[in-house]
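Everything below concerns the one structure shown next.
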Amino acid sequence: MSESSDPIALLDSAFRAATAAAFPEIGDADPLITASKQAALGDFQANIAMSLSKRVGKPPRDVAAAIVAKAGAMPDLQRIAEPLTDKSIAGHGFINIRLKGDALASLLASMDTPALGVPAPEVTETIAVDLCGVNLAKQMHVGHLRATIIGDALARVFERLGHKVVRQNHLGDWGLPIAMVTAKIAADAKAGKIDLATLRLDDLDRAYKQAQRECTGDEAGLAAVERFDLGPKARAELEEQVSGAREKLAAAKSTLVKLQAHDPEIYAVWQRIARITVDECVAVCARLHATVRAEDTAGESSYSNELGEIVDDLVNRNIAEESDGALVVRLDGPGDLDDRGQRISEPCIIRKSDGGFLYATTDLAGIRRRVRKFGASRLVYAVDARQSLHFQQVFAAARKAGYADMTGGKVATLRHAGFGMVLGEDGRPFKTRSGENVKLTDLIDEAHQRASAEVNRRSAALPDAERDRIAEAVGVAAIKYADLCNDRMKDYVFSFDRMVAFEGNTGPYLLYAFARIKSILRKAQAEKRIDTGPNAPFRKAPLAIVQPQEKTLALAILRYPGALKSMAEACEPHRLCGFLYDLAGAFSSFYDACPVLSADNEQTMLSRLRLCDLTGRVLYDGLTTLGLPTVERM
RNA sequence: GCGCCCGUAGCUCAGUUGGAUAGAGCAUCGGAUUUCUAAUCCGAUGGUCGGAGGUUCGAAUCCUCCCGGGCGCGCCA
């Protein structure tokens, strides 16, 4: 068992022992160690005395005094904490704890490894992360932003903690809407209107929308005309429109049949459309600094020949039943609870009365594949919060069907990491002026452009090509951090104007802190002739934690492993964002108050240089785990 | 009608297992650069934590009810 560098863990075990010694009748009790909110009171506090007071029948301050008497005498605690006395007890019975500078130094030193204090997982899991979720023949737009950014960040944190991650881009590439656009493209190609070889996603996007319109007849309008007898002209126009739409729809349905039968001509067109879509999606994700590769794509089409089998299986085992001609899985039984232990009154429909399958059927197949084929013990879905009920139904149905059962008797954890909407500054869903969805490429372009203006102004001396790279990184970091730093479940307001300031709690602020550290290291080498290579001696220099800013920085760094764990457990990237912002803030204060290269003496300089280096590595690691790009200077 | 999510400073948001005087950023005001990048730092102003009850030594946090906003709810995805 390696020594933990987490002060809370050390204090927890010490105070646990002290409490057991002071009150043997209680046995094991959580000492309730937390970081102090106010540095003036201490670094950490133990809140156990208040909670124990009633159980042992003594006033909280007396309980605290008894624990302090035992804890103060423990060698383990004496080594790391300032002496504990009655003065350590404050208020109702809070025990304030202050760590010694040299204890912080040795904790930092033990964390100063390539893993940065992050322990290997007790069990290496395979975790499937559903992310991105694009549709065939459609440009990635702001609706895919969060699914991509959040899903990628979650995938990264699981990987960082040592798990195996399977990314699944659940591509919407099957069904009638897809057949509509495929029919249109196939017809246009046959008529020589378009060239499949040079077709681009923009063309497909337009064709998709047009196909949707062409297949949608104004049946209600026609009915109204007939009912109210609004004249032969209106009637004729509507009849023509409706019959045209009916024709197109019939053509789409026949295309769907051909597609499902892998008709060579139609299937080739469809494959071409899929290729164009996936290539573009991968390219946009790369610009977003999100890892989504072509091989991470798992289209709905890839499940198409499993759906019948799944439905048969559920029917044969009496899990699904008929209801109004459709097949449903009822989920209102005692064992069919959602994540919060609530009963789900709405059944999960797995087959329509016309025999067609639904997205719930596909998602069941997805769960089965992820658990059985990939061996995933955890399934995480970064999908819009509005699909919450859908996922609760599908999860409950999958559990009922045993599709989440793993070999060995355990049941895979199914989790919907839902997220709120991206809003414009008017508080309504973020759209362009004309009401269209904002394309991600346009979003990135604008952030890049706005960042360029700043970079050109502030860093005019850097070469053009580097300035451009920095601007793109700053823009992308701004977009991603703005998205990740809020509570996932809430809607958030997207504002270039606020983002372009690049001040305060923003992605660029974090990048800036990192760039300043890199700058110090460059100067150390260039001007002080200090070796800053991978095995440089300064990386083993004794750390001296003396100034308040050094202490605050040290305490922040030590929280890193816990911050990663917390983000992964809650599937909440904003926890790591908060940590990184605290760390960057602690560094900025340190930077301001504690000269590094011009420190009073050599030891101080080397200690601070090592502190900078460690901070820089934690920042880099954390930013990378969130999926934010970094730059060496800016 | 039922269900889910949300409501914290002028604005945008944090707030850990229930813990001390509810915190940041932006905005406003005032300071800091002969010294490692001022995209920075230090300080000030700013609060009926939507409301009312309840549980508790202690509630923004847990429970109940109400108000307000958003989103869902059997054959779209």
Side-chain angles (χ1 to χ4, degrees), chain A residues 30 32 34-38 41 45 47 50-51 53-54 59-60 90-94 96 133 135 172 174-177 300 323-328 338 340 342 344-354 356-360 362 384-390 392-393 418 420-421 423 425 427 454-455 457-459 474 482 485-487 489-493 495 498 501-506 508-509 511-513 515-524 527-528 549 562 566 570 574-575 577-578 581-582 584-585 588-599 608-609 612 633-634:
Chain A
D30 187 343
L32 302 172
T34 62
S36 288
K37 276 187 185 166
Q38 302 166 73
L41 295 172
Q45 62 189 56
N47 297 334
M50 284 84 75
S51 67
S53 169
K54 191 167 271 181
H92 301 294
F94 300 96
N96 289 318
N135 300 307
W174 210 238
L176 193 57
E300 290 175 343
S323 173
D324 298 333
L327 282 174
V328 305
D338 70 8
R340 288 166 296 275
Q342 308 265 348
I344 308 167
S345 51
E346 294 85 357
C348 183
I349 304 178
I350 56 165
R351 197 181 72 189
K352 298 190 281 183
S353 49
D354 69 2
F357 304 119
L358 298 99
Y359 68 135
T362 309
D384 195 315
R386 285 175 292 187
Q387 298 202 29
S388 171
L389 174 61
H390 163 69
Q392 294 309 327
Q393 290 173 316
M421 285 186 294
L423 305 177
E425 291 183 75
E454 291 299 304
V455 173
R457 184 166 65 79
R458 296 174 203 264
S459 312
V474 167
C485 75
N486 298 318
D487 185 335
M489 282 306 289
K490 293 191 193 174
D491 298 345
Y492 78 97
V493 177
S495 161
R498 189 143 25 80
F502 301 139
E503 284 170 357
N505 192 359
T506 62
Y509 175 78
L511 263 48
Y512 183 64
R516 283 171 129 186
I517 291 170
K518 285 302 196 183
S519 175
I520 289 179
L521 289 167
R522 277 194 303 272
K523 276 210 158 65
E527 294 173 14
K528 296 274 177 181
Q549 292 84 355
S566 171
H574 83 285
R575 297 185 185 221
C577 292
Y581 181 63
D582 287 348
S588 294
S589 298
F590 161 84
Y591 182 92
D592 200 65
C594 304
V596 179
L597 299 178
S598 54
R608 287 180 179 170
L609 199 59
C612 286
R633 49 184 182 175
M634 63 189 279

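As a basis for the values below, the full set of heavy atoms in this structure was taken, side chains included, without hydrogen atoms, waters or symmetry mates. Quick caveat, the model's predicted, so the values are computed rather than measured. Naming convention: chains lettered A, B, ... in sequence-line order (proteins, then strands); numbering from 1 in each chain.
- At a threshold of 4.0 angstrom between heavy atoms, the contacts of A:Ala515 include nucleobase atoms, whether or not backbone atoms are also involved.
- At least one side-chain heavy atom of A:Ile520 sits under 4.5 Å from a side-chain heavy atom of A:Tyr591.
- The residue A:Arg633 sits close to a base: some heavy atom pair falls under 4.0 Å.
- Among the heavy atoms of the strands lying under 4.0 Å from A:Asn96 is at least one base atom, whether or not backbone atoms are also near.
- Between A:Met489 atom CE and B:G3 atom C1' the separation is 13 Å, expressed in whole Å.
- Under the stacking criterion of a centre-to-centre distance below 5.5 angstrom and an interplanar angle below 30°, A:Phe94 sits stacked against the six-membered ring of B:A20.
- Looking at A:Gln45, its side chain comes within 3.5 Å of the base of B:A20 through a donor and an acceptor atom.
- Distances shorter than 4.0 Å separate some side-chain N or O of A:Arg458 from OP1 or OP2 on B:A39.
- A:Val596 comes within 4.0 angstrom of a base, heavy atoms only.
- Using a 4.0 Å heavy-atom criterion, one finds that A:Asn486 contacts the sugar-phosphate atoms exclusively.
- A:Ala524 comes within contact range of no nucleotide atom at all, as no heavy-atom separation falls under 4.0 Å.
- OP1 or OP2 of B:C41 has at least one side-chain nitrogen or oxygen of A:Tyr509 nearer than 4.0 Å.
- Between A:Lys37 and B:A22 there is no side-chain N or O to OP1 or OP2 distance below 4.0 Å.
- In a base pair of the Watson-Crick type (N1 to N3 plus N6-O4 or O6-N4) or a G-U wobble (N1-O2 and O6-N3), with each distance short of 3.5 Å, B:C76 is matched with no nucleotide.
- Residue contacts shown for A:Leu32 include a base, since a base heavy atom lies under 4.0 Å away.
- Considering only side-chain N and O atoms, A:Ser589 lies under 4.0 angstrom from the phosphate OP1 or OP2 of B:C42.
- The distance from atom CD of A:Glu454 to atom CD of A:Glu503, rounded to the nearest 0.5 Å, is 8.5 Å.
- The residue A:Ser519 sits close to a base: some heavy atom pair falls under 4.0 Å.
- The side chain of A:Tyr512 contributes an N or O atom lying less than 4.0 Å from OP1 or OP2 of B:A39.
- Judged by distance alone with a 3.5 Å cut-off, no donor-acceptor contact links the side chain of A:Asp582 to the base of B:A14.
- For B:C11, the paired base is B:G25 (Watson-Crick or G-U wobble, both distances below 3.5 Å).
- Looking at A:Glu425, its side chain never comes within 3.5 Å of a backbone N or O of A:Val493 through a donor-acceptor pair.
- For B:C65, the paired base is B:G51 (Watson-Crick or G-U wobble, both distances below 3.5 Å).
- Between A:His574 and B:G15, a side-chain N or O to OP1/OP2 separation shorter than 4.0 Å is present.
- Put simply, CD on A:Gln38 is 14 Å from P on B:G19, counting in whole angstrom units.
- With a 3.5 Å ceiling on both atom-pair distances, B:G18 lacks any Watson-Crick or G-U wobble partner.
- In this structure B:U40 sits in a base pair with B:A32, meeting the Watson-Crick or G-U test at under 3.5 Å.
- For B:C36, the OP1/OP2 oxygens have no side-chain nitrogen or oxygen of A:Arg608 closer than 4.0 Å.
- Residue contacts for A:Ser51: at a heavy-atom cut-off of 4.0 Å it reaches a base atom on one of the strands shown.
- Contact annotation: A:Ser388 does not reach the phosphate of B:G72 (side-chain N/O to OP1 or OP2, under 4.0 Å).
- Among the atoms of the strands shown, base atoms are found under 4.0 Å from some heavy atom of A:Pro595.
- Proximity of A:Val474 to A:Met634: side-chain heavy atoms (C-beta onward) are separated by under 4.5 Å at one or more points.
- Checking side-chain atoms of A:Lys523 against main-chain N and O of A:Leu597 turns up no donor-acceptor pair under 3.5 Å.
- Looking at every heavy atom in both residues, A:Arg608 comes nearest to A:Ala599 through NH1-CB, 4.2 Å.
- Of the possible polar contacts, one joining the A:Ser588 side chain to the A:Ala584 backbone as a donor-acceptor pair under 3.5 Å is found.
- In a base pair of the Watson-Crick type (N1 to N3 plus N6-O4 or O6-N4) or a G-U wobble (N1-O2 and O6-N3), with each distance short of 3.5 Å, B:G3 is matched with B:C71.
- The phosphate of B:U12 (OP1 or OP2) has no side-chain N or O of A:Lys490 nearer than 4.0 angstrom.
- The residue A:Tyr591 sits close to a base: some heavy atom pair falls under 4.0 Å.
- In this structure, of B:C13, B:A77, B:G25, it is B:G25 that holds the atom nearest to the side chain of A:Tyr581.
- At a threshold of 4.0 angstrom between heavy atoms, the contacts of A:Cys594 include nucleobase atoms, whether or not backbone atoms are also involved.
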